[in-house]
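Below is one structure, written out as structure tokens, with a few remarks after it.
Bear in mind the structure is a predicted one, so any value in this text is a computation, not a measurement. Counting convention: from 1, in listed order, for ligands and their atoms alike. Heavy-atom basis, side chains included; hydrogens, waters and symmetry copies ignored.
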Amino acid sequence: MLVHIKDLVKKTEKGKYALGAFNTFNLEITLGIVKGAMEAQAPIIIQISETTLNYAGVKAITHIVKTIAKNQANNIPIALHLDHGKSFSAVMECVKAGFSSIMIDASNLPFDENITVTQKSVQYAHRHGVWAQGELGKIVKEKKEIEHLVQHPEKFLTDPDQAQEFVKKTKIDALAVSVGNVHGVYKLEHKAPVLDLKRLAEIGKKVDVPLVLHGASKIPADSLKKAIKLGVRIINIDTETRHAFKQSLLQSLKKRGEYDPRKFLSPTIDAVAKVIKEKIIMFGSAGKV
Ligand code: G3H
Ligand code: 13P
Ligand code: ZN
């Protein structure tokens, strides 16, 4: 069933666990996410990035998620969220499409401009009863940027005092932080950069909104558990599910002479479900429906 994100996040504080926020871009990934959540009996966030809106169309991808949430997810509460919204038009589209939460990611802009751009989306979202997430500090993705981050962390990481001001001025409901976490496939080949837990603790003391840890694929379980203790309430996973999907597909396509796409796509659902279930157990949200 589809629920408002605030109802899910509220419960994480008392239970001291984090919700998994999983990216989807098609039917099979969505079915896999929901299957994993049903097996683990966990509340989840399903998120759609602006890149996916452009790929699939807001109506098509939203209807897939909503229909599965309503008809095939049994008792699993699912909140629908826009991930890395870069434009105000994407924010408006998703609010109109019934998302209970949006992210406006203006983290590439200077601090003051990030505040101004974020404020506009927050005000629009709140007028429609929708939650808004902002990003401060930059959570990078490309290899070059990641190497730059390792050399000059202060250029990318969230400053705790700025975080306090950012939350106060923008009125965001959740804050995506940059504390050594990075996006994407770099982590499949290299070690994930180490989380700056001291910084995370400082941020946690200065802001009173739930913290969101992006780029969590391949971050070891013990680091994630420490991050949850310090106030992380939402953890984003995309790369590991994409990887599971791709590996499964490659394996199936080795069978020559198979022309029915359903035959080679259906194992991807189980492959994704396996990752989702493992992550949910790691985040402590298993059994929390
Ligand atoms: O980096 C963030 C998420 O994995 C979304 O990625 O914009 O390629 O859909 P995407
Ligand atoms: P990964 O793809 O690195 O898991 O990050 C996911 C994410 O942060 C989505 O917003
Ligand atoms: Zn992200």
Legend entry - Proximity of Asp83 to ligand 1 by residue part, where a heavy atom lies under 4.0 Å: side chain
Inset, instruction - Run down the list Val212, Asp238, Thr241 and name the one with the heavy atom closest to atom 6 (C) of ligand 2. - result: Asp238
Legend entry - Of Asn23, Thr51, Asp105, the residue whose pairing with His84 passes side chain to side chain donor-acceptor pair (under 3.5 Å): Asp105
Legend entry - Between Gln133 and Asp83: side-chain donor-acceptor atoms closer than 3.5 Å: no
Inset, instruction - Give the C-alpha distance, both sets of side-chain angles, the deciding distance and a yes or no for salt bridge (Lys or Arg N to Asp or Glu O under 4.0 Å) between Lys198 and Glu202. - result: CA-CA 6 Å; Lys198 194 165 163 265; Glu202 292 267 302; over 6 Å; no
Inset, instruction - Give the residue, atom name and distance (to 0.1 Å) of the protein heavy atom nearest atom 7 (O) of ligand 1. - result: Thr51 OG1, 2.5 Å
Legend entry - ligand 2 to Gly184 polar contact by distance, N or O atoms, under 3.5 Å: yes
Inset, instruction - With heavy atoms under 4.0 Å as the rule, classify the contact between Glu240 and ligand 2 as side chain, backbone, both or neither. - result: neither
Inset, instruction - Indicate yes or no: does Lys225 engage Asp222 in a salt bridge with an N to O separation below 4.0 Å. - result: no
Inset, instruction - List the closest protein heavy-atom neighbour of atom 8 (O) of ligand 2: residue, atom name, distance to the nearest 0.1 Å. - result: Gly215 N, 2.8 Å
Legend entry - Donor + acceptor pair across side chains of Thr67, Asn71 (<3.5 Å): no
Inset, instruction - For ligand 1, note which part of His84 has a heavy atom under 4.0 Å away: side chain, backbone, both or neither. - result: side chain
Legend entry - Residue and atom name of the nearest protein heavy atom (relative to atom 2 (O) of ligand 2), distance in Å to one decimal: Thr239 OG1, 2.6 Å
Legend entry - Least distance between heavy atoms, Pro267 atom then Ser252 atom: CG-OG, 3.7 Å
Inset, instruction - Would you mind checking which non-hydrogen protein atom is closest to atom 5 (C) of ligand 1, with the distance to 0.1 Å? - result: Asp238 OD2, 3.6 Å
Legend entry - Cation-pi geometry met for Lys279 and Phe22 (6.0 Å, 45°): no
Inset, instruction - Using a strict cut-off of 4.0 Å, indicate which atoms of ligand 2 neighbour a heavy atom of His183. - result: 3 (O), 5 (O), 7 (C), 8 (O), 10 (O)
Inset, instruction - Would you kindly specify which portion of Lys218 sits under 4.0 Å from ligand 2, judged on non-hydrogen atoms: side chain, backbone, both or neither? - result: neither
Legend entry - Hphob cluster co-occupancy, Leu197 + Val182, side-chain heavy atoms under 4.5 angstrom: no
Inset, instruction - Of all N, O or S atoms in His183, identify the one at the shortest distance from the Zn ion (ligand 3). - result: NE2
Legend entry - Atoms in ligand 2 with a heavy atom of His84 nearer than 4.0 Å: 10 (O)
Legend entry - For Ile5 against Ala79, the heavy-atom pair lying closest together: CA-CB, 3.7 Å
Legend entry - Closest approach of any protein heavy atom to atom 4 (O) of ligand 2, naming residue and atom: Ser217 OG, 2.5 Å
Legend entry - Interfacing atoms of ligand 2 (cut-off 4.0 Å, heavy-atom, Asn23): 9 (C)
Legend entry - Any side-chain donor near an acceptor of the partner, Lys155 and His148, under 3.5 Å: yes
Inset, instruction - Look at atom 10 (O) of ligand 2 and say which protein heavy atom is nearest, naming residue and atom and giving the distance to 0.1 Å. - result: Asp83 OD2, 2.6 Å
Inset, instruction - Report, in ascending order of atom number, the atoms of ligand 1 lying under 4.0 Å from any heavy atom of Ser49. - result: 5 (C), 7 (O), 9 (O), 10 (P)
Legend entry - Side chains of His183 and Asn236, donor plus acceptor under 3.5 Å: no
Inset, instruction - Any atoms of ligand 2 less than 4.0 Å from a non-hydrogen atom of His214? List them with their elements. - result: 8 (O), 10 (O)
Inset, instruction - Just let me know how Lys141 lines up against ligand 1, side chain, backbone, both or neither, with a heavy-atom cut-off below 4.0 Å. - result: side chain
Legend entry - More than 12 heavy atoms from other groups under 6.0 Å of NZ on Lys143: no
Legend entry - Shortest protein heavy-atom distance from atom 6 (O) of ligand 1, along with the residue and atom involved: Arg242 NH2, 3.1 Å
Legend entry - Hydrophobic cluster membership, Val140 vs Leu200, 4.5 Å side-chain cutoff: no
Legend entry - Nearest-neighbour protein heavy atom for atom 3 (O) of ligand 2, which is reported as residue plus atom name and distance: Lys187 NZ, 2.5 Å
Inset, instruction - Have a look at His214 and say which of its N, O or S atoms is nearest the Zn ion (ligand 3). - result: ND1
